[in-house]
Structures are given as structure tokens and as C-alpha cells.
Amino acid sequence: MTEKKYDSVIIGGGSAGMAAACRIAEAGYSCAIVERETALGGILNQCIHNGFGLHHFKEELTGPEYAERFIQAVKDKGLDVYLETTVMDIEDTGSMKSFYGYSSVYGLLHFSCRSIVLAMGCRERNRGNIGTPGTRPSGIFTAGLAQRLVNIDGYIPGKKIVIVGSGDIGLIMARRMTWVGTEVLGVVEIQPYPAGLTRNIVQCLTDFNIPLHLSHVVSKIWGKERVEGVRVSPVGTEEGGNRASFDLDCDTLLLSVGLVPDNEISKKAGVDLNPETGGALVDSRLMTSVEGIFACGNVLHVHDLVDFVTEESQRCGEAVCHYLKGVAPGRQYRTVSGANVKYVLPNMYNPDGDNRFYLRPLVVKNGAELVVKIEGREVIRKKLRHVQPSEMVSFTLDREEIPSLESSRGNTLETGIL
Amino acid sequence: MERQLICISCPIGCRLQASWTDETDITIEGNQCPRGEIYGREEVLAPKRVVTATCMTAGSPMGTEVRRVSVKTDAPLPKEHIDSLLDTLYSMKIPLPVETGQVLLANIGGTGVNLVATRSM
């Protein structure tokens with residue numbers, strides 16, 4: 001067993017982990033990334049389509065190109081990277097944290113560090129999560145797994161495909177499967193509106209005449225060894241109520257039915273989770289309920305743009321540096337979600353600093369307004385051109401915008417969309 | 001002539017209204033940035049798309065992990081060239097090492113668009 005000692009260790013070498021690690025290393029602290037895959041980059045490596053980086057790099061990149069810029073930065077800063085190394089449990093969460101890394105390359109590693117950044121990303125919801133009845137044949141994949149098989153491993157998972165869920169991964173896979181020569185019979189979406197971006201409807205479905213069945217579900221799967229077909233049924237809404245079910249002969253079903261933060265390690269370390277996000281509850285520094293353990297990226301909440309993951313994770317890296325320096329905010333107050341907001345993060349704000357918030361709307365609305373109140377007093381009112389649940393909203397609350405607060409009160413910050 | 005379009009240049013997805021009497025005089029409305037106007041015009045005249053895929057790599061010995069190199073066209077490609085490009089790139093074997101941005105197929109079908117690697121391996 002090898003002993004390794006760092007100021008900070010980052011668990012997960014995707015976009016979040018790399019961005020946080022670079023910031024920590026830039027400040028001169030010793031820092032390492034532990035990654036279970038054979039390469040850095042995380043999910044970006046299989047997202048070979050373009051559309052990444054418009055905010056952060058002001059240009060349009062593919063996933064691997066976006067990842068490569070950070071992989072290069074990690075190399076340039078001389079960070080220690082442990083690939084093919086899996087963290088199972090965080091053993092000690094005291095002032096000196098410790099955990100084991102299991103690796104086919106390095107053997108058993110024992111890490112000791114003053115702080116940990118959780119950056120494990122998220123995983124896909126599967127058939128069990130949506131409870132689709134029917135037989136249990138082969139040929140049912142989550143969309144992201146199929147994406148990996150096609151793009152990285154070079155296997156094509158079927159010939160006639162039905163996709164469940166119209167999120168962006170499902171849409172991107174509809175085009176990808178068409179471009180590898182398979183037939184995509186349709187995309188089935190339970191909601192009356194598509195979950196993905198409009199431009200992906202155009203360039204991934206309309207371009208190939210792939211039907212989108214809104215307000216429908218896959219209500220049955222059949223086939224003994226392999227999927228042989230599925231039944232598509234309308235759900236009881238105005239749009240779907242009067243229509244009949246129909247069957248599609250397919251050999252493969254791809255599920256694009258949402259993502260959940262992957263917090264198995266966090267839970268075992270005693271980190272308190274937020275039921276609205278599936279990620280950790282964090283204070284204004286993105287520090288979890290366990291002192292010295294931070295979280296950023298998709299393990300904290302599922303993002304729709306990697307650019308926001310990078311931004312959040314760089315801030316997290318800066319917060320880790322402050323923590324290592326022994327600087328802590330003097331006071332922090334709670335944040336809560338108000339009207340039409342599913343969640344707002346972080347769960348605390350620092351009235352003596354600049355705060356950056358991310359929120360998930362519950363409604364589709366044009367010409368909405370973001371309204372932020374502290375103790376009922378309005379501190380921000382801002383026009384939003386268009387909001388919808390699949391697009392995260394971010395905003396900044398600067399120190400100057402925060403009125404003087406009486407410490408005897410709760411000073412809760414409430415964020416709503418009107 | 002009139003056509004309703006949705007701009008795919010960025011995630012906003014502006015709804016465009018294209019109208020023209022002859023193809024040298026196309027008016028685009030509803031765009032929020034200059035890219036929308038370019039997209040709308042091209043979509044009416046000659047639609048183009050960026051193609052992304054992965055190619056086999058040469059020289060991966062049997063029994064080792066299958067590795068593919070991700071690729072893209074360095075500019076949107078006229079749609080009628082997409083199918084033949086896909087046929088070509090799936091039959092290619094890319095010798096390693098390869099650098100991001102390296103041209104793997106130059107001037108596809110005389111369009112001036114190149115196929116480039118998007119990952120260094």
C-alpha cells in the first residue's frame with residue numbers, strides 16, 4: 001500500500017474535477033485527481049457532437065475538444081492524476097481526511113488530505129426508475145451507454161431503434177444512430193412538449209423525418225431473448241386522451257429519461273443530500289455538511305451546459321483555497337426557492353461576499369421576471385426572455401446589492417420566477 | 001415564397017421567417033444575431049450541417065481496448081454530401097498518433113470543408 005498526502009484530492013476527473021483542480025493548483029496547493037476511467041474528460045469524451053464551449057471559450061467545440069483543453073491545463077500545472085483508480089469509501093472525515101483508492105495500475109493507495117472535492121458527476125435513470133412493464137429481454141440500453149458503445153467502443157447496439165425521452169441525449173442519439181445506419185422509428189415523450197433544445201429537435205429529428213410522439217409512453221415491452229417490439233400509448237391528457245395505442249417493431253430501446261447525481265460515496269461519508277437536486281446541501285462556498293468536503297458539477301446538481309459546470313467548479317476550487325488558507329465567511333444565511341422554482345443553489349449565501357446562484361425553473365414562460373427577496377425586501381428584479389425547466393438560470397448577487405442585515409433575524413433569501 | 005425556420009446556430013433557437021421573391025433577395029426576420037441571418041439564408045438556398053462521428057484507428061493490436069478517434073467537419077457541410085462522407089469515414093483507419101485539428105480528409109467532395117480529428121490519441 002502506498003501513502004499519498006495532499007492539501008486537496010478531487011474525486012472524479014471530468015469537467016468539474018479538472019476545473020476545480022486547476023484552480024487549487026494555481027494557488028500553489030498540492031492537489032491530485034482520482035479518476036476511475038482510463039482517461040480524464042468524463043462524459044465529454046463520448047459527447048462527440050458539437051455545441052460545447054459557447055459561453056466559456058466563445059467558440060463551438062465538440063465534447064472531446066472541450067475536455068482536451070482542460071486535460072492540457074491539468075498537464076501544464078503538473079497535477080498528480082491517478083487514472084483507473086476507484087474510491088469506495090471516505091474512511092475519516094476529521095480535519096485530516098483519509099480514503100483508499102483501488103487501482104489496477106497503482107495497487108492500493110491510501111490518501112490523506114485536508115480537503116476533498118466531490119466531482120463524480122451523475123448517472124442515468126433506467127428502466128426500473130420509470131417502471132415500464134413487459135418482459136426483460138436484451139436490447140434495452142440507457143442512451144448514454146449506447147452513446148459510449150457507438151462512439152468510443154465502436155459497437156452498434158441494434159438495427160431498429162425506439163427512443164424513450166426527448167431530452168438532449170435522446171435527441172442527439174437519434175441522429176447518431178441514423179448516421180451509423182440504423183433505423184430510428186420514433187422518440188416517445190411523456191410530456192406534452194419536448195424536453196430537449198429546439199435546435200436539437202430540428203437537426204436530430206426533423207432533418208431525418210423521425211416522429212416525435214408527445215404525451216405518449218412506452219407501456220409494454222415484449223420479446224424473449226431480444227426486444228421484439230414495444231407498445232406506445234397516449235397518456236391521459238387533452239392532447240393524448242383520444243388517441244389509440246400503437247405498436248412498433250423494434251429490436252432496441254434507448255432510454256433517455258433523466259440523470260441523477262452519483263452520490264454513493266458522499267452518502268457513506270455522511271454528507272447531507274438535498275431531495276430536490278439529489279446532490280449535496282452546500283453553503284455559500286459549495287462546502288457540504290461535512291467540514292472540508294466540497295461538491296461541484298453534476299454530482300451537486302445536473303447541469304444542461306458544461307460551461308456552467310466549469311464556472312461553478314472554478315468557484316468551488318477558489319473556495320477550497322480559502323478554506324485551506326483558514327478563511328471562513330463570518331456569517332451565512334439560508335436560501336429558499338420561491339414561486340415557480342424547483343431549487344436554487346447554493347443553499348446558503350454570504351452577505352459579505354459576491355454570490356453566484358443557479359436555479360431550475362418549474363415553468364415554461366416567455367417574458368418572465370426573476371425576483372429575489374431577503375426578509376421580504378426585493379433585492380433583484382430582472383427580466384428573463386424565456387424560461388423552461390430544461391434551461392438552468394444563473395444570476396449574481398453582489399455584496400453591494402445586499403442591504404444591511406440584522407443578525408437577530410433569519411435573513412432568508414427567496415428566489416422566485418414571476 | 002415564405003418559410004418558417006428554427007435557427008440551430010446556438011441553443012436559443014430563434015424562430016425565423018424567411019421570405020423571398022427570387023433567390024438572390026431573401027429576407028430573414030426573427031433572428032436575434034447575425035448568425036441567424038446567415039443560417040436562414042443558407043437553409044433556404046443550400047442547407048448545411050456539421051457532421052460528427054468516430055473513426056477506427058489503425059494498429060490497435062487484437063485483444064487491446066477498441067479505441068476510436070472522434071472527428072468533425074471543420075465547417076457545416078452541404079447536406080447532399082453527408083451520406084457519402086459517412087460511408088468514407090466509416091471505412092477509414094486512422095494511423096496513430098493523431099492530433100486534435102489534424103486534417104483526415106481534405107476538401108470533401110470539392111466543398112472546401114475538411115474532416116478533422118477532435119481528439120489527440
Side-chain angles (χ1 to χ4, degrees), chain A residues 37-39 41 44-52 54-55 58 60-69 71-72 75 84 147-156 168 172 175-176 178-181 194 196-204 206-208 304-305 307 385-386 388 390-392, chain B residues 4-16 32-33 35-36 39-40 43 47-57 60 64-77 79 82-87 89-91 93-94 98-102 115-121:
Chain A
E37 286 285 332
T38 55
L44 287 168
N45 288 333
Q46 69 181 58
C47 297
I48 60 160
H49 53 281
N50 63 342
F52 302 91
L54 283 166
H55 292 264
K58 309 284 177 238
E60 193 161 15
L61 302 172
T62 63
E65 289 171 309
Y66 191 100
E68 200 158 291
R69 297 199 177 185
I71 294 171
Q72 194 55 48
K75 272 191 199 147
E84 295 182 68
Q147 187 181 45
R148 189 203 152 98
L149 289 173
V150 172
N151 290 345
I152 293 186
D153 301 324
Y155 299 114
I156 298 172
D168 288 312
I172 295 288
R175 175 177 63 184
R176 189 76 193 104
T178 308
W179 275 351
V180 294
L197 295 170
T198 318
R199 74 163 181 168
N200 284 336
I201 302 287
V202 174
Q203 60 185 353
C204 299
T206 316
D207 267 11
F208 306 102
D304 22 75
L305 292 180
D307 304 73
R385 196 159 49 203
H386 178 80
Q388 62 185 63
S390 59
E391 288 180 25
M392 201 164 74
Chain B
Q4 308 289 328
L5 301 166
I6 291 168
C7 183
I8 61 168
S9 304
C10 87
I12 293 172
C14 293
R15 277 160 211 283
L16 309 179
Q32 294 176 33
C33 83
R35 294 167 70 193
Y39 172 81
E43 194 65 10
K48 295 173 179 177
R49 296 289 184 267
V50 170
V51 176
T52 60
T54 60
C55 291
M56 274 189 284
T57 53
S60 306
T64 61
E65 198 189 352
V66 182
R67 293 203 299 173
R68 294 178 72 85
V69 59
S70 51
V71 299
K72 70 172 182 186
T73 55
D74 61 2
L77 183 71
K79 270 187 173 178
I82 291 178
D83 284 344
S84 68
L85 169 65
L86 290 171
D87 286 343
L89 73 86
Y90 291 140
S91 64
K93 280 196 166 184
I94 311 299
V98 64
E99 286 291 319
T100 296
Q102 187 179 321
L115 187 75
V116 299
T118 58
R119 187 174 182 180
S120 304
M121 292 174 89

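First the proteins, then the strands, lettered A, B, ... as listed; each starts at 1.
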Next on the checklist: Taking side chain as everything from C-beta outward and backbone as N, CA, C, O, which of these in B:V69 sits under 4.5 Å from a heavy atom of chain A? Side chain, backbone, both or neither.
Outcome noted: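 Looking at B:V69, nothing touches chain A.
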
Checklist entry - Which bit of B:I82 comes within less than 4.5 Å of chain A, counting heavy atoms only: side chain, backbone, both or neither? => result side chain

For a quick test of reading the model, state the closest non-hydrogen atom pair linking [X] to [Y] and the distance between them.
{"X": "B:L86", "Y": "A:W179", "value": "CD1-CD1, 3.4 Å"}
{"X": "A:R176", "Y": "B:T54", "value": "NH2-N, 3.4 Å"}
{"X": "A:T198", "Y": "B:R15", "value": "CG2-NH2, 4.1 Å"}
{"X": "B:K72", "Y": "A:T62", "value": "CD-CG2, 3.8 Å"}
{"X": "B:T52", "Y": "A:N50", "value": "CG2-N, 4.1 Å"}
{"X": "B:R49", "Y": "A:V202", "value": "NH2-CG1, 4.4 Å"}

Engaged part of [X] at the chain B interface, taking heavy atoms whose separation is under 4.5 Å:
{"X": "A:A67", "value": "neither"}
{"X": "A:V180", "value": "both"}
{"X": "A:L197", "value": "side chain"}

Checklist entry - So A:Q203 and B:V50, side-chain contact (heavy atoms from CB on, under 4.5 Å) or not? Walk me through it. => result CA-CA 10 Å; A:Q203 60 185 353; B:V50 170; over 6 Å; no

Item to check | Close side-chain approach of B:R119 and A:N45, heavy atoms under 4.5 Å | outcome: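 Of all side-chain heavy-atom pairs linking A:N45 with B:R119, at least one is under 4.5 Å.
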
Next on the checklist: I need the residue from A:R175, A:H386, A:H49, A:R199 with the largest number of non-hydrogen atom pairs under 4.5 Å to chain B.
Outcome noted: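 Ranked by heavy-atom pairs under 4.5 Å with chain B, first place is A:R199.
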
Checklist entry - If you tally heavy-atom pairs under 4.5 Å against chain B, which of A:T206, A:I71, A:N151 wins? => result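 Option with the greatest count: A:N151.
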
Checklist entry - Judged by atom type as modelled, is there a donor-acceptor pair below 3.5 Å linking the side chain of A:E68 to the main-chain atoms of B:S120? => result yes

Item to check | Residues forming a ring-ring contact (aromatic ring centres under 6.0 Å, His included) with A:H55, sequence neighbours excluded | outcome: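 So A:H55 forms a ring-ring contact (aromatic ring centres under 6.0 Å, His included) with A:F308.
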
Item to check | For A:L54, all residues meeting side chain to side chain contact (heavy atoms under 4.5 Å, CB included), sequence neighbours excluded | outcome: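 Side chain to side chain contact (heavy atoms under 4.5 Å, CB included) list for A:L54, sorted by chain: A:E60, B:C10, B:P11, B:R35.
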
Item to check | Most chain A-contacting option - heavy-atom pairs closer than 4.5 Å, from B:T118, B:T100, B:V71, B:D83 | outcome: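 Between B:T118, B:T100, B:V71, B:D83, the count favours B:T118.
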
